[in-house]
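What follows is a short report on a single structure.
Everything quoted here is computed from the prediction, not taken from an experiment. When a residue number appears, it is its place in the shown sequence, counting from 1.
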Amino acid sequence: MASKSSGSFATRAVRAGQTHTAENEQSEPLFLTSSFRFASAEQAAARFANEEEGNIYSRFTNPTVRLFEQRLAALDEAEDCLATCSGMAAIMAAIMGICRAGSRLVASSQLFGATFNLLENYFAKFGVEVVIVPDSETDSWKKATGSKADLLFLESPSNPQLEVYDIAAIADIAHRAGALLMVDNCICTPALMKPLELGADIAMYSATKYLDGQGRVLGGALTGKSEILRERVFPFLRCGGPAMSPFNAWTLAKSLETLLIRIQAMSATADSLAHWLTEQPTVTCVNYPFSPGYRRLDLARRQQTAGGGLVSFSIAGGQPAAFRAINATQRFSITANFGDAKATICHPASTTHSRIDAQARAQAGIDDGMIRISAGLEDPADLREDLERILAAGQNAAAT
Ligand SMILES: *Cc1c(COP(=O)(O)O)cnc(C)c1O
């Protein structure tokens with residue numbers, strides 16, 4: 001747990017987790033090595049027998065990966081953190097560690113496409129009972145969870161609908177049923193929201209998004225209590241193998257140094273673009289947690305310190321209009337990633353959420369006219385000018 005003496009968020013972001021080698025380097029060292037040497041056969045045996053602490057092999061532990069884990073744990077004010085090779089690997093590892101055949105896993109209908117697939121097509125196949133909650137209402141979660149469950153899982157805000165869930169209320173439902181609550185905190189990151197503080201047991205990250213923030217490496221992480229992460233999840237990571245690469249860990253640990261200022265700048269830009277989009281007659285719907293008309297504005301303000309860098313909106317004319325609109329961009333990159341310094345744009349129904357069937361997509365509120373944008377670090381005025389071009393192209397398509 002980060003102590004008060006370790007400073008505020010901004011200070012921890014640049015200092016937490018750093019140790020120094022005999023070279024006394026200023027920047028964090030990168031231990032790009034797959035294994036570690038032992039002084040003797042006896043020491044090797046002692047390490048394998050868990051009689052002596054120390055590194056063995058980078059699938060188990062690596063000092064640069066540990067640096068990233070400790071820095072992220074400090075930012076989330078978490079007891080511990082485990083890093084994985086991607087966000088999906090983090091989700092898989094958590095479920096492998098917590099659930100077994102016959103477990104009840106209750107999840108939101110608004111999940112990242114691959115997450116939905118992993119639950120419905122894989123964990124269900126191995127006998128995990130997967131229950132999908134149709135909406136974000138607390139009563140629906142209570143009903144779906146019942147009196148006994150093992151794991152509840154949600155994304156808040158969700159990608160791409162940006163629906164905000166009441167984490168404290170759902171944590172309470174989980175705990176009454178003897179379950180743990182895991183929250184996918186990809187979109188806010190610890191810089192804008194701390195799910196553990198709100199009552200969740202595990203916060204999950206796709207480090208690929210805002211934690212990297214420059215579109216370079218894949219990574220994932222889980223934060224929470226050591227008792228859950230070390231004792232239940234780590235044994236799977238060690239033998240299952242989705243370890244984070246030391247190079248990616250180094251990149252990500254350095255990225256955490258600038259997380260706060262990046263996400264604050266991106267949020268400010270997204271907030272202004274969302275506001276502008278709500279005033280455009282051709283836009284039928286805007287999703288942004290901090291926009292004035294947002295259904296759960298009070299809840300969003302209670303849980304998050306800013307709205308985040310993502311905005312989704314719908315235009316009339318379905319997929320043809322959305323495609324024409326996206327193709328008109330001159331400033332956004334057409335790519336599935338988000339949280340990058342470069343603004344990005346995508347059509348969720350045909351990309352990130354195309355592998356879930358049309359009915360599940362409709363239930364999750366993703367229509368064919370929906371476009372998702374991720375604010376980058378560009379001048380907001382340049383992005384807004386491009387959005388004018390995008391909307392005009394979409395409208396032309398709708399008219400023809
Ligand atoms: C991208 C994403 C993931 C998956 O992360 P990867 O790093 O791509 O494996 C999970 N959840 C959300 C909300 C995401 O946006």
Side-chain angles (χ1 to χ4, degrees), residues 13 30 62 64-65 67-69 71-73 75-76 81-95 110-118 153 155-160 162 182-193 195 202-223 233 237 240-260 262-263 265-267 270 308-310 312 332-346 348 351-355 372-377:
L30 166 53
N62 172 283
T64 311
V65 175
L67 156 71
F68 166 71
E69 290 172 339
R71 191 163 284 177
L72 185 60
L75 296 185
D76 230 350
C81 172
L82 291 176
T84 55
C85 61
S86 70
M88 290 316 305
I91 296 172
M92 177 183 70
I95 300 174
Q110 301 194 346
L111 287 175
F112 184 65
T115 307
F116 196 80
N117 246 331
L118 181 68
F153 182 37
E155 255 172 64
S156 184
S158 60
N159 169 21
L162 302 170
M182 176 159 76
V183 172
D184 183 331
N185 193 28
C186 258
I187 293 180
C188 279
T189 81
L192 303 185
M193 180 171 81
I202 301 175
M204 174 262 142
Y205 298 94
S206 165
T208 318
K209 313 291 166 51
Y210 289 100
L211 303 194
D212 176 17
Q214 285 145 92
R216 298 164 298 187
V217 300
L218 292 178
L222 303 167
T223 61
V233 182
L237 276 183
M244 176 178 277
S245 131
F247 177 78
N248 290 7
W250 181 83
T251 307
L252 292 164
K254 297 301 286 177
S255 298
L256 288 180
E257 296 181 348
T258 55
L259 171 65
L260 185 63
R262 281 186 284 108
I263 202 161
M266 290 172 177
S267 276
L310 283 185
S312 63
F332 290 82
S333 306
I334 305 175
T335 180
N337 197 19
F338 64 82
D340 196 320
K342 299 174 175 68
T344 66
I345 189 165
C346 81
T351 59
T352 54
H353 291 70
S354 61
R355 284 171 195 279
R372 187 194 74 191
I373 56 171
S374 166
L377 295 175

> Could you give the distance from CE (Met88) to CE (Met92), rounded to the nearest 0.5 Å?
Replying inline: 9.0 Å
>> Tell me which pairs pass salt bridge (Lys or Arg N to Asp or Glu O under 4.0 Å) where either residue lies in residues 204-213, with sequence neighbours left out.
In response: Asp212-Arg216
> If you take all heavy atoms of Glu69 and Ala83, which pair is closest and at what distance?
Replying inline: OE2-N, 2.8 Å
> Can you name the nearest heavy-atom pair linking Ala94 to Met182, along with the distance?
Replying inline: CB-SD, 3.6 Å
> What heavy-atom pair brings Pro195 and Asp76 nearest, and what distance separates the two atoms?
Replying inline: CD-OD1, 4.3 Å
> Looking only at heavy atoms, which two atoms of Ala13 and Arg71 are closest? And how far apart?
Replying inline: O-CD, 3.2 Å
>> So, taking the atom named CZ in Phe338 and the one named OG1 in Thr208, what distance separates them when rounded to the nearest 0.5 Å?
In response: 9.0 Å
> Taking all non-hydrogen atoms of both residues, which atom of Met266 and which atom of Tyr210 are closest, and how far apart?
Replying inline: SD-CE2, 3.6 Å
>> Would the distance check show the side chain of Thr335 and the main-chain N or O of Thr344 forming a donor-acceptor pair, the cut-off being under 3.5 Å?
In response: no
> Counting distance only, does the side-chain N/O of Arg372 pair as donor-acceptor with the main-chain N or O of Leu310 below 3.5 Å?
Replying inline: no
> Looking at Thr115, Val183, Ile202, which hits side-chain contact (heavy atoms from CB on, under 4.5 Å) with Phe153?
Replying inline: Thr115
> Rounded to the nearest 0.5 Å, how far apart are CD1 of Ile373 and OG of Ser312?
Replying inline: 9.0 Å
> To the nearest 0.5 Å, how far apart are CG in Leu67 and CG in Leu72?
Replying inline: 11.0 Å
>> So Thr223 and Leu75, do their side chains get closer than 4.5 Å, heavy atoms only?
In response: no
> Met244 and side-chain contact (heavy atoms from CB on, under 4.5 Å): which partner among Leu82, Thr84, Thr64, Leu252?
Replying inline: Leu252
>> With rounding to the nearest 0.5 angstrom, report the CZ to NZ distance, Phe332 to Lys342.
In response: 14.5 Å
> Under 4.5 Å between any side-chain heavy atoms of Pro242 and Ser86, yes or no?
Replying inline: no
> Is there a donor-acceptor contact under 3.5 Å from the side chain of Asn185 to the main chain of Met193?
Replying inline: yes
> Are the side chains of Glu155 and Cys186 in touch, meaning some heavy atoms are under 4.5 Å apart?
Replying inline: no
> Are the side chains of Ile91 and Phe112 in touch, meaning some heavy atoms are under 4.5 Å apart?
Replying inline: no
>> I'd like to check Leu111 versus Ser158 (side-chain heavy atoms, cut-off strictly below 4.5 Å). Are they in contact?
In response: no
> Of all heavy-atom pairs between Ala265 and Leu377, which one has the smallest distance, and what is that distance?
Replying inline: CB-CD2, 3.9 Å
> Distance-only, no hydrogens or angles: does the Thr352 side chain make a donor-acceptor pair with backbone N or O of Ala336 under 3.5 Å?
Replying inline: no
>> Let me confirm one number: the CG-OG distance from Leu211 to Ser206, rounded to the nearest 0.5 Å.
In response: 7.5 Å
> Is the shortest heavy-atom distance from the side chain of Asp340 to the side chain of Ser333 under 4.5 Å?
Replying inline: no
